[in-house]
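Presented below is the structure to which this report refers.
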Amino acid sequence: MGDKLKAYFEDFLRKDPIFSNKKVLQTNYNPEKISYRDEQLESLASTLAPSLRMEKPSNIFLYGKPGTGKTLLTKHVSKQILEVANKNNLSLNIIYINCKMKRVADTEYRLIVQIASEFGKKIPATGLPTDEVYKIFIKAIDEEKKLILLVLDEVDQLVKKAGDEILYNLTRLNSELKNVELSFIGISNDLLFLDHIDPRVKSSLSEEEFVFPPYNALQIQGILRERSEMGFRAGVVSEGVIEKCAAYAAREHGDARRALDLLRVAGELAERKNKQKVTIEDIDEAEEKIEKDKIMDIVSTQPKQHQLTLLSIFSISEITTDHIFTGDVYEVYQDYCNKIKVKPLTQRRVSDIIAELDMLGIINVRVISKGRYGRTREIKLAIPNSAVPKIKTILKEGLNL
DNA sequence: CGAGATTCATGTGAAGTATACCTTTAGGCTTAA
DNA sequence: AAGCCTAAAGGTATACTTCACATGAATCTCGTA
């Protein structure tokens with residue numbers, strides 16, 4: 001038993017590794033050089049530069065489709081600025097918050113709590129009035145003179161859920177602060193986001209606006225080449241692999257992150273299969289795996305009730321190819337609840353949950369009127385049918401079904 | 001035949017409730033002088 | 001008397017429920033061409 005395992009590990013060690021430096025291909029990797037975003041890099045840098053003179057920089061708003069380098073660039077510039085600031089003993093803080101994170105920063109209260117905790121201030125998760133939380137927060141940071149850059153990634157998600165007053169309150173925060181100056185960097189995937197918010201907030205939040213256009217296929221190829229040279233051993237990546245990754249990603253509105261994921265996962269799959277080269281076939285497989293992993297990730301972190309709702313939708317989708325309606329989902333949902341002895345929520349709530357699941361992108365939902373036969377949500381799966389059974393079984397396991 | 005009324009199944013908004021947690025405060029107990 | 005602990009009172013955020021009204025096109029109704 002042990003020998004076999006040891007042999008496997010020995011083998012693993014001896015085997016020609018596909019990767020030379022896998023980190024480079026991971027999505028959280030921060031490259032030294034960012035290609036094809038020179039213009040944005042320069043704009044961002046020049047807008048933020050005054051912060052090194054302890055002058056409050058303009059608020060900035062970045063938007064563009066996913067995987068166009070918004071977050072990457074922001075982090076990159078932040079890092080550089082911070083390094084310089086530290087070297088010169090400037091009290092400059094850059095706080096990065098991702099507003100999408102469920103149960104972390106998806107309400108006004110939680111957002112402030114989250115920001116405060118970045119400053120080491122613990123605030124209870126519930127129980128305090130929101131303006132009290134603001135006060136605690138202000139008190140905590142306003143002690144010494146400093147400059148804070150607050151990066152709000154995926155603000156659109158936050159505003160969609162909790163309204164744009166949050167942004168108003170945040171921008172107003174500056175007048176309450178005596179020593180600290182606060183600048184905002186908002187990042188949004190939704191190109192129309194700015195059109196939907198209060199004009200007053202808009203004008204103060206986006207004093208500067210930078211658009212991140214999608215990468216075209218050639219640019220993605222370029223990015224992939226750079227990274228694969230660093231990440232893979234020479235000659236491991238077969239002819240056409242990069243082109244294919246780029247083509248896949250270009251199809252998805254030029255999402256570079258996706259392209260990189262694709263390449264990395266393809267490499268991992270090849271490695272697992274003890275292959276010497278990454279081939280085009282690996283990419284197809286990787287595509288499927290990424291999709292599945294992504295969904296699994298979202299699904300498994302959902303609260304129980306959401307999972308039950310989702311499970312109901314999946315179950316129905318397996319028996320019919322027709323569109324699914326809220327009423328059907330609710331019936332199945334109740335059955336599942338009874339089976340595991342959980343008190344079912346009301347249809348009102350389930351209706352809201354379905355809307356939330358839509359926001360997550362697992363399903364697509366449209367409110368339609370079926371005339372004489374009432375009005376309902378028309379639910380469609382936003383994931384490949386092939387992935388359903390597996391997710392379903394995992395869901396069931398997690399729910400003791 | 002077509003304009004207008006009806007109808008259905010659920011969307012949607014507002015207000016209320018349950019839960020879990022918070023701070024404040026008042027009383028009771030202990031302690032030390 | 002001062003200090004400390006505890007429990008009750010009074011407050012909030014969040015997830016959910018309850019109630020009531022809004023929707024909007026397929027279908028029905030009925031007057032008219």
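Below, chain A is the first sequence line, B the second, and so on; all start at residue 1.
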Practice problem: In whole angstrom, give the distance that lies between atom NZ of A:K304 and atom P of C:dT14. | Solution: 23 Å

Quiz prompt | B:dT12 OP1/OP2 closer than 4.0 Å to side-chain N/O of A:R377 | solution = yes

Every protein N/O lying under 3.5 Å from an N/O of nucleotides 14-25 of chain B:
none

Quiz prompt | Nearest-Å distance for atom pair CD/C1', residues A:Q305 and C:dC16 | solution = 10 Å

Quiz item: In whole Å, what is the span from the CZ atom of A:R366 to the P atom of C:dG24?
Solution: 14 Å

Mind listing the N/O atom pairs, protein and nucleotides 3-7 of chain B, below 3.5 Å?
{"residue": "B:dT7", "atom": "O3'", "partner": "A:R372", "partner atom": "NH2", "Å": "3.3"}

Quiz item: Honestly, is A:R264 close enough over A:F19, meaning NZ or CZ under 6.0 Å from the six-membered ring centre and within 45° of the axis?
Solution: no

Quiz prompt | Closest non-hydrogen atom pair between A:D142 and A:K178, with its separation | solution = OD2-N, 2.8 Å

Quiz item: Atom CZ of A:R375 to atom P of C:dA22: distance rounded to whole Å?
Solution: 13 Å

Quiz item: Rounded to the Å, how far apart are A:K370 NZ and B:dA9 P?
Solution: 8 Å

Quiz item: What is the distance, rounded to the nearest whole Å, between atom CD of A:E378 and atom C1' of B:dG11?
Solution: 15 Å

Exercise. Would you mind telling me which residue lines up with the more 5' stretch of DNA chain C, A:G374 or A:I353, judged by nearest nucleotide?
Key: A:I353

Self-check item: Strand contacts (DNA chain C) in residues 310-321 of chain A, 4.0 angstrom heavy-atom criterion
Solution: none

Practice problem: With the side chain counted from C-beta on, respond yes when A:I283 and A:E285 share a heavy-atom pair under 4.5 Å apart, and no when they do not. | Solution: no

Quiz item: A:N179 versus A:K146: any side-chain heavy-atom pair under 4.5 Å?
Solution: no

Quiz item: Can you find a pair of side-chain heavy atoms, one from A:H76 and one from A:I34, that are under 4.5 Å apart?
Solution: yes

Practice problem: Examine C:dA13: is either OP1 or OP2 under 4.0 Å from a nitrogen or oxygen in the side chain of A:T107? Give yes or no. | Solution: no

Quiz prompt | Whole-Å distance separating the CD1 atom of A:I123 from the P atom of C:dT12 | solution = 17 Å

Quiz item: Shortest non-hydrogen contact from A:A259 to A:A249?
Solution: CB-CB, 3.5 Å

Quiz prompt | For A:N169 against A:Y134, the heavy-atom pair lying closest together | solution = CB-OH, 3.3 Å

Exercise. Quickly work out the A:Y333 OH to C:dC16 P distance and round it to whole Å.
Key: 8 Å

Quiz item: Looking only at side chains, do A:Q305 and A:Y333 share a donor and an acceptor under 3.5 Å apart?
Solution: yes

Quiz item: How would you list all residue pairs meeting side-chain hydrogen bond (donor to acceptor under 3.5 Å, both in side chains) that involve residues 375-392 of chain A, not counting sequence neighbours?
Solution: A:E318-A:K392, A:T326-A:T376, A:S351-A:R377, A:R366-A:E378

Quiz item: Are A:R258 and A:Y248 in a cation-pi contact, defined as NZ or CZ under 6.0 Å from the six-membered ring centre and within 45° of the axis?
Solution: no

Quiz prompt | Contact summary for A:A105 and A:N98, nearest pair of heavy atoms | solution = CB-O, 3.8 Å

Quiz item: Under a 4.5 Å cut-off applied to non-hydrogen side-chain atoms, are A:V241 and A:K277 in contact?
Solution: no

Quiz item: Residues from residues 108-120 of chain A sitting under 4.0 Å of DNA chain C, heavy atoms only?
Solution: A:Y109, A:R110

Quiz item: If every non-hydrogen atom of A:L92 is compared with every non-hydrogen atom of A:L82, which pair is closest and at what distance?
Solution: O-CD2, 3.5 Å

Self-check item: Contact under 4.0 Å: A:S351 side-chain N or O vs B:dG11 OP1/OP2
Solution: yes

Practice problem: Grab the two heavy atoms, one from A:A270 and one from A:D282, that are nearest each other, plus how far apart they are. | Solution: CB-OD2, 3.7 Å

Exercise. Would you indicate whether the side-chain heavy atoms of A:R103 and A:P303 approach each other to under 4.5 Å?
Key: yes

Exercise. Consider only side-chain N and O atoms of A:T130 and A:E108, and report whether a donor and an acceptor are under 3.5 Å apart.
Key: no

What protein N or O atoms touch nucleotides 7-9 of chain C N or O atoms at under 3.5 angstrom, if any, and at what distances?
none

Quiz item: Any side-chain N or O of A:S369 under 4.0 Å from OP1/OP2 of B:dC8?
Solution: no

Practice problem: Anything under 30° is parallel, anything over 60° is perpendicular, the rest tilted; go ahead and classify A:F61 against A:F193. | Solution: parallel

